[in-house]
Amino acid sequence: MALPKVHRLRHRQDFSAVYKAGLRRSTQNLTLRALQRSQPAEFNLSAVGTDLSTDLKVEPPVEKVVPTRIGISISQKVSKRAVVRNRIKRQLKAILQQFLPYIAPGWQLVIVVKPTATECGYEQFLQELKQLLISAEVINGH
RNA sequence: GAGGAGGCGCAGGCGGUUGCAGAUUGGUCAGUUCGCUGGCUAAGUCUGAGGAAAGUCCGGGCUCCCAAAAGAUCGAACUUGCUAGGUAACGCCUAGUGCGGGCGACCGUGAGGAGAGUGCCACAGAAACAUACCGCCGAUGGUGUUUGGGUCUGAGCCGCAAAUACACAGGUAAGGGUGCAAGGGUGCGGUAAGAGCGCACCAGCAAUGUCGUGAGGCAUUGGCUCGGUAAACCCCGGUUGGGAGCAAGGUUGUAGGAGUCAUGGUUGAUCUUUUUCCGGCUCCGGGCAGGGUGUGGGCAACCCAUUCUGCGAAAUCCGCUAGAGGUGUCUGGUGACAGGCAUCCCAGAUAGAUAACUGCCCUUCUGGUGAUCGUCUAAAUGGCAGCAUCAGAAGAACAGAACCCGGCUUAUGUCCGCCUCUUCCCUU
RNA sequence: GCGAGCGUAGCCAAGUGGUUAAGGCAGUGGAUUGUGGUUCCGCCAUUCGUGGGUUCGAGUCCCAUCGUUCGCC
């Protein structure tokens, strides 16, 4: 289970924009940074995804659904072994795949993994992510 | 049966469902110079990590810059260093030589020069590179005593002889002691005492012969003998053009020049030679650098193309996966490897895809059941081993491509599998 | 991708190849004091990250390896 390309944050500016303007929530092993991107002005400000914004500009009355985009940040400080880092990323992606339908459109999320997370399992990540998304009010009222 | 040595292989197999990435074929949207390009999408098809992908310790390919290439001398760097071969190359590999270790199979080896020079060798010791502390000797020389001889009446004297004392000059490197190390070792002769001073054997060195492509091996002869350290500086030999690295570089964008009046321009330095290099001069032919705007025509001016320099953007495209490629087979070679033929196409992500669950088979282990032969035993309804079948468990660990290859090193095993050899014990 | 440094007691650390590795803080034993502090005297490294090698001798020199820190693009 992994996220399709549409729902991923892919460029450096995306991440730095979220870090600059987004809100911040954190639990023991994870940190969530989130940024709502519903205003069209913000599209122009952020130099990201020009092809996407042009698509929207062509037909402004039809509210095309802006896809939720998620990035996962995990540094070498968490673990020096690539296998460990990749496993954590895959687990987080699988969880987010389940939550994706409940997330309000237009959010840009970055999940930062803290160095303590090496010992955590799937269940731990599931709980913490749920907690984070609810506290940031990213998940709309079902 | 027990212990050991060396080498090779494998990284379970075939499917299913869901999901991700790429390719292809469609569909659709946008742009278009009508060639196509890009985005989205999936009814389908195909493909999707490793033996180390790792560490980045070496060697290359590839790309750009210093015009390029070849040679000579000097310099610099490498830190390469027994020999022969293999390789695109290597500090890698193969086969050998010497030395060291092991009963052996086998293993290790940073293995040029200390007889070119300099430095260092703490403490101890006399002395660490040329010296003598204790000791031994004191033949010879010196001094003294005694005896004899010579001379002489005698005292005495002596280039006299013998004996003896001293340990003064001196000799010695056997022995003691110190040390990692004290100038070959052992034995016999020899000597005042000793000593390669002489001889025998051994070690080492040199020469000659012989075998080997060679490192070296073997034999003979010779003069007798030289401290260690070069992973201290260094000397010698060898190798190398330097720098940067796929974030190279191309493409694209943008800014500023040049658009030719130079007599020549280079790789660490100097010199020489060559050129399908760049540029210049002379002569001949062509042109007065090209295209456009402008103008009657030209000049000027401006724009484009060309060329140079600087800057920047984006993870859009190319580079970007057909290669010193894999597999099979034959030939040559002791071998590393080379050659021929056939056949195959096998990841290309870019905040970075390869995952989750599951079915059958296979392998191993544990337990049960069954039949039959083998073996142990005096004997078996008992034990051991194999076979068939059933049930359960395990199939892991180390670890994730990021331009690509060749090595090295490190990590790792389901009590993984296979082969060869060696030592000891028991039985025949 | 390219490059540079550091590992020495619980902590901070010095250390030309030559004793059983200098200090400071901390710890600990004793003395001083009626008690505590101060002060004074002691003790504390089974060996210099690990494994090989060179050397008579290695924390130091060489090689390999592990960990860690930092720089540039």
Side-chain angles (χ1 to χ4, degrees), chain A residues 1-133 135-140 142:
Chain A
M1 293 292 231
L3 291 168
K5 254 187 179 177
V6 198
H7 293 296
R8 292 187 220 157
L9 283 178
R10 301 191 62 186
H11 305 307
R12 182 164 276 276
Q13 292 94 328
D14 299 348
F15 279 82
S16 49
V18 172
Y19 285 141
K20 253 187 180 174
L23 54 87
R24 181 196 300 202
R25 296 283 185 278
S26 66
T27 58
Q28 196 177 352
N29 297 315
L30 301 171
T31 301
L32 174 75
R33 306 296 212 98
L35 179 66
Q36 181 94 44
R37 253 188 42 175
S38 53
Q39 301 298 321
E42 281 195 24
F43 291 112
N44 298 345
L45 278 174
S46 60
V48 204
T50 42
D51 25 8
L52 259 175
S53 54
T54 43
D55 279 4
L56 285 168
K57 269 181 190 171
V58 171
E59 29 192 347
V62 184
E63 274 198 20
K64 232 183 186 178
V65 179
V66 183
T68 310
R69 309 214 295 160
I70 302 169
I72 298 168
S73 175
I74 174 164
S75 83
Q76 285 206 347
K77 282 182 185 173
V78 177
S79 172
K80 290 209 115 185
R81 301 189 305 168
V83 174
V84 173
R85 295 200 305 272
N86 284 344
R87 185 170 61 238
I88 292 171
K89 266 199 259 185
R90 280 200 301 270
Q91 285 173 346
L92 290 175
K93 280 178 188 171
I95 294 163
L96 287 165
Q97 177 96 349
Q98 293 177 6
F99 285 137
L100 210 54
Y102 305 106
I103 295 174
W107 279 96
Q108 290 195 341
L109 308 176
V110 173
I111 291 151
V112 181
V113 181
K114 296 185 183 177
T116 49
T118 24
E119 303 298 320
C120 294
Y122 179 82
E123 296 296 326
Q124 181 93 19
F125 284 131
L126 184 68
Q127 277 194 354
E128 292 200 5
L129 259 182
K130 200 170 182 181
Q131 201 180 329
L132 281 173
L133 292 175
S135 71
E137 297 173 357
V138 172
I139 296 179
N140 54 3
H142 307 300

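Letters A, B, ... are given to chains in the order of the sequence lines, protein chains preceding strands, and every chain is numbered from 1.
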Subject >> For atom CG of Leu92(A) and atom P of A351(B), their distance in whole Å >> reply: 18 Å
**OP:** Specify the separation, in whole Å, of atom NZ of Lys93(A) and atom C1' of U18(B).
**Re:** 17 Å
**OP:** In whole angstrom, give the distance that lies between atom CZ of Arg87(A) and atom P of A49(B).
**Re:** 20 Å
**OP:** Answer syn or anti for A379(B), where the cut-off is 90° from 0 on the glycosidic torsion.
**Re:** anti
**OP:** Go ahead and name the base partner of A95(B); Watson-Crick or wobble counts if both distances stay under 3.5 Å, otherwise write none.
**Re:** U83(B)
Subject >> G51(B) glycosidic torsion: syn (within 90° of 0) vs anti >> reply: syn
Original post:
Quick one: are Leu92(A) and Lys89(A) in side-chain contact, heavy atoms under 4.5 Å?
Top reply: no
Original post:
Considering only heavy atoms from C-beta outward, does the side chain of Arg33(A) approach that of Ser73(A) to under 4.5 Å?
Top reply: no
Original post:
When the C1' atoms of G212(B) and G217(B) are considered, how many whole Å apart are they?
Top reply: 9 Å
Original post:
How far does the C1' atom of C234(B) sit from the matching atom of G81(B), given to the nearest Å?
Top reply: 16 Å
Original post:
What distance, rounded to whole Å, do you find between the two P atoms, one in G27(B) and one in A43(B)?
Top reply: 16 Å
Original post:
What form does the base of C43(C) take, syn (within 90° of 0) or anti?
Top reply: anti
Original post:
Does G228(B) sit syn or anti, given that only angles within 90° of 0 count as syn?
Top reply: anti
Original post:
When you compare G243(B) with A269(B), how far apart are their P atoms, in angstrom units rounded to a whole number?
Top reply: 14 Å
**OP:** Please state the C1' separation for the pair U220(B) and C419(B) - nearest whole angstrom.
**Re:** 50 Å
Original post:
Can you tell me how far P in A232(B) sits from the matching atom in C56(C), rounded to whole Å?
Top reply: 11 Å
Original post:
Only one of Ile111(A), Ile88(A), Ile72(A) clears side chain to side chain contact (heavy atoms under 4.5 Å, CB included) with Lys93(A); which?
Top reply: Ile72(A)
Original post:
So what's G3(C) paired with, Watson-Crick or G-U wobble, going by both distances under 3.5 Å?
Top reply: C70(C)
Subject >> Qualifying residues under side chain to side chain contact (heavy atoms under 4.5 Å, CB included), relative to Gln131(A), sequence neighbours excluded >> reply: Thr27(A)
Original post:
With sequence neighbours left out, what residues match Gln124(A) under side chain to side chain donor-acceptor pair (under 3.5 Å)?
Top reply: Glu128(A)
Original post:
C20(B) and A324(B): how far apart are their C1' atoms, nearest whole angstrom?
Top reply: 36 Å
**OP:** Please report, rounded to the nearest Å, how far the P atom of G19(B) is from the CG atom of Leu96(A).
**Re:** 18 Å
Original post:
How close or far is atom P of C20(B) from atom CZ of Arg8(A), stated in whole angstroms?
Top reply: 9 Å
**OP:** For Ile74(A) and A351(B), give me the distance from atom CD1 to atom P, rounded to whole Å.
**Re:** 16 Å
Subject >> Between A349(B) and G22(B) - P atom distance, rounded Å >> reply: 7 Å
Original post:
Hey, does Arg69(A) have a side-chain heavy atom less than 4.5 Å from the side chain of His7(A)?
Top reply: no
Pairs under 3.5 angstrom, nitrogen or oxygen only, protein versus nucleotides 398-404 of chain B, please.
residue	atom	partner	partner atom	Å
A399(B)	OP2	Arg81(A)	NH1	2.5
G400(B)	OP2	Ala82(A)	N	3.4

**OP:** Tell me whether G53(C) sits syn or anti, counting syn as a glycosidic angle within 90° of 0.
**Re:** anti
Original post:
Taking atom P of C20(B) as reference, at what distance in whole Å does atom CD of Gln91(A) sit?
Top reply: 19 Å
